[in-house]
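Encoded as structure tokens, the structure appears first; notes follow it.
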Number of protein chains: 2
Amino acid sequence: MTVLAPLASSAGGAPIAHLVLALAVILAAAKLGGDVAVRLKQPAVLGELVAGVVLANLDLVGVTWFRSLTGDLTLDVLAQLGVLILLFEVGLESTVRDMMKVGVTATLVAVLGVITPFALGWGVGALLLPGHSAYAHAFLGATLTATSVGITARVLKDLGKAQLPEARVILGAAVIDDVLGLVILAVVAGVIESAETGAALSVAATGVVVAKAALFLFGALAIGVVLSPRLFAAAARLRGRGVLLATALIACFVLASLAAAIGLAAIVGAYAAGLILEDVHWQEFARRGEQRLEDLVRPIAEFLVPVFFVLMGMRVELRAFAHSGIAGLVLLLTLAAIAGKQACALGALGGRLDRLSIGIGMIPRGEVGLIFASIGMTLTLHGEQIVDVGIYSAVVIMVIVTTLVTPPALAWSLARGERRAASRAAGPAVRNGAPGSAGSGERTAR
Amino acid sequence: MTVLAPLASSAGGAPIAHLVLALAVILAAAKLGGDVAVRLKQPAVLGELVAGVVLANLDLVGVTWFRSLTGDLTLDVLAQLGVLILLFEVGLESTVRDMMKVGVTATLVAVLGVITPFALGWGVGALLLPGHSAYAHAFLGATLTATSVGITARVLKDLGKAQLPEARVILGAAVIDDVLGLVILAVVAGVIESAETGAALSVAATGVVVAKAALFLFGALAIGVVLSPRLFAAAARLRGRGVLLATALIACFVLASLAAAIGLAAIVGAYAAGLILEDVHWQEFARRGEQRLEDLVRPIAEFLVPVFFVLMGMRVELRAFAHSGIAGLVLLLTLAAIAGKQACALGALGGRLDRLSIGIGMIPRGEVGLIFASIGMTLTLHGEQIVDVGIYSAVVIMVIVTTLVTPPALAWSLARGERRAASRAAGPAVRNGAPGSAGSGERTAR
């Protein structure tokens, strides 16, 4: 007690000893949950979410310590850093040029895949939550919009199908609908804020939000693409260790706080930073024998990202299902989430694309939906919480179920699509002399 | 503003956007400061400290934003996590077996190198701070005890001398005096707490603190050496990514919170965890092609450790030097720090050891001294702050100066020692047929 107490109070009250114990427990839960998920052929992230749900709901049998962690300020900050790093890492996997290549098809798929679940989610809210305002219904719709880039990419990678043209459309569209979802979130949150303060929300004000978002994204991407090589060239002249990682983190953090400053979610900035940075920028560092940036960011993500997912799971209160119509809400919300994304198939122009697989590949919701829901928990309108703990829990269960159904469904539909392509390729025209793989091969070349 | 505000308040008031902006600034300052230090042939950590001192003291010319960061709770938590990771990383560089090998010589060097600066520091306090209590003087002595393992190792590595027998004695002794320093800190802090609560501190109570520290260290090391291989063998059966890093972090965090729970500083536990973990434990992971644990921990350290050092530098208030006798305190404290460690030479038994180099190699103070000082800032006795901002600033300047003088002094004395060894080896007996390097060569073999 002699040193612990002062060490804790030197942090102005943050008990570092308690924090690291909580981190140890969270990491252990994440890895054990992840292990079970992987053995059940599910993405590890699902196990992390479920581990969090299980631990926090031990309060039903009197174990309340885990539930108390959901109120820990410093854990929450680490979780938020984790999700920034995750979006940055996902952004690093593609470049601005990749984004422009997938182009029209991905954009069309994304737009249809945002509008339909938004409308369906709104409808589910209006149907099952008549006591809540239309704002709450719209917010519920917004939580259904964004496909999880991380989960989709992980599933396609696990199946060994990341190079299929369908995979590129899915990933491109997932990227775009993340952004569209964030715009919707900004608009809906703006509407709610205006209503709360009594100001009427004009079309002009909505336009300002959309314009700011578009300006930030295109502005950041355009300026970033020009500035980024110069930044890394300047950084490469610095001596000392860790310069590459520090420079990349600085880019991520600066864009995240810029995004927040103009009213977007900080994750949009982190994602944009990841898109802007490209391998060629740190060739100079690679020449010196430094590790690749991806390898440097990964350990930080491995440390902080599970904190986000376990904590998100911990926010689910299973006792909420005992009350009112939450079970029905979960069911209809999940159906709306799954059905809504099947509209994506209509956007998949181009005869050879496996539309069913695209629709299924867009199903998983994830971090963005969870973030939306947690933001909704902080919004109030005339004393009504826009997202209460019951709705939040329903959203988390919806995320878990959509993540759960995707891997087996996608594996089945891709295999079916390949059989069809093979029979088509064996028919009228066999190009490239490689029957069965020609259809996908020509589009796979980078 | 629509999304930022709720996102911020979802963290219970922690503005993540402000935090990441601060992190970006701190990382940039650390890397720029490190670059200047390395160009001046100094360790990068020195540049990070000085960068922090410079930024925060811009409040002398009216720029107060940087100074305000020193009161940021979440930054402080990240800094404390950083110093835990640093001590864990340093612990990973040696094993429990290495520690036992350096044995008697290193222990003797360490004990002398702790007692003398402690006494000298106490004396400087009594001389220059007559208005403070004897407790404050003893605390000042305690801040002088611990050689910086990190800085010493870094300097020896930079000079390419990490394999000399002198280097191993210095590092072994630096490790041991860290622990001795922590025991002294625990005792002094215990004495101050007893005095504050009015309880008389008995010899028995002091004995309890020492016994707890010894028990924890030897207990943790003994149990850890037995348990650690089993822990990693069990972890190796888990599927999913990031298991090795998570397991290592769990070991670090659990021991850190255990150490804190029994009244030691959390860093002692983190360091013990690093000592216990050995490469052989994760052979199974290496066989699967995973990165080495050191490579996984390094990026986390590169992210969080500079936060600690820049923040430590930021806590220096240069305006304190305008008051009272702080300049004199800095001067005498630094002299006590340098002179005190020269007693180490007396402990360097064994005719061929270069005693001057050992004494010089022990000079740099670092993270432990800074941690002691920051703990002292939180202790009060009858309303008197044990370490006030003036004393704290003096300690930081002492750390900077001792770090500054070591590299050139050590380079000079090692070259001198080698010339002497060469002339000795060329004299009476030339073993191994390699004159000039025989003296060090035979002890270097591992």
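Every chain is numbered from 1, with letters handed out A, B, ... down the list of sequences.
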Note: A:I16 and B:V77 closest approach over all heavy atoms is CD1-O, 4.1 Å
Closest non-hydrogen contact found for B:V20 with A:A256 is CG2-CB, 4.3 Å
For A:Q291 and B:Q291, which heavy atoms make the closest approach, and how far apart are they?
NE2-NE2, 2.6 Å
If you count heavy-atom pairs under 4.5 Å with chain B, which of A:R39, A:M377, A:H18, A:R237 comes out on top?
A:R39
Begin from the C-alpha positions of A:I300 and B:L304 and carry the test side-chain contact (heavy atoms from CB on, under 4.5 Å) through to its verdict.
CA-CA 10 Å; A:I300 300 177; B:L304 294 176; over 6 Å; no
Distance check, rounded to the nearest 0.5 Å: B:L296 atom CG versus A:D295 atom CG?
9.5 Å
Considering all heavy atoms of both residues, which atom of B:L27 and which atom of A:A246 are nearest to each other, and what is their separation?
CD1-O, 4.4 Å
Where on A:L81 is there a heavy atom nearer than 4.5 Å to chain B: the side chain, the backbone, both, or neither?
both
Given the options A:P306, A:P299, A:C252, which has more heavy-atom pairs under 4.5 Å with chain B than any of the others?
A:P299
Can you say whether B:L21 sits under 4.5 Å from chain A via the side chain, the backbone, both, or neither, judging by heavy atoms?
both
Closest approach of A:R239 and B:D35, non-hydrogen atoms and distance?
N-OD1, 2.7 Å
What are the two closest heavy atoms between B:K31 and A:G242, and how far apart are they?
CE-O, 3.8 Å
Test side-chain contact (heavy atoms from CB on, under 4.5 Å) applied to A:A24 - qualifying residues, sequence neighbours left out
B:I250, B:F253, B:V254
Mind running side-chain contact (heavy atoms from CB on, under 4.5 Å) on B:L78 and A:L78 for me, showing each step along the way?
CA-CA 9 Å; B:L78 290 176; A:L78 289 176; 3.6 Å; yes
For B:F216, look at atom CZ and say whether over 12 heavy atoms of other residues, nucleotides or ligands are found less than 6.0 Å away.
yes
The reported gap from CG in B:L249 to CZ in A:F303 (rounded to nearest 0.5 angstrom) is 6.0 Å
Hey, are the side chains of B:L73 and A:L73 touching, using non-hydrogen atoms and a 4.5 Å cut-off?
yes
Give a yes or no on this: more than 12 heavy atoms of other residues, nucleotides or ligands lie within 6.0 Å of atom OH of A:Y135.
no
Is chain B contacted by the side chain of A:L84, its backbone, both, or neither, given a heavy-atom distance below 4.5 Å?
side chain
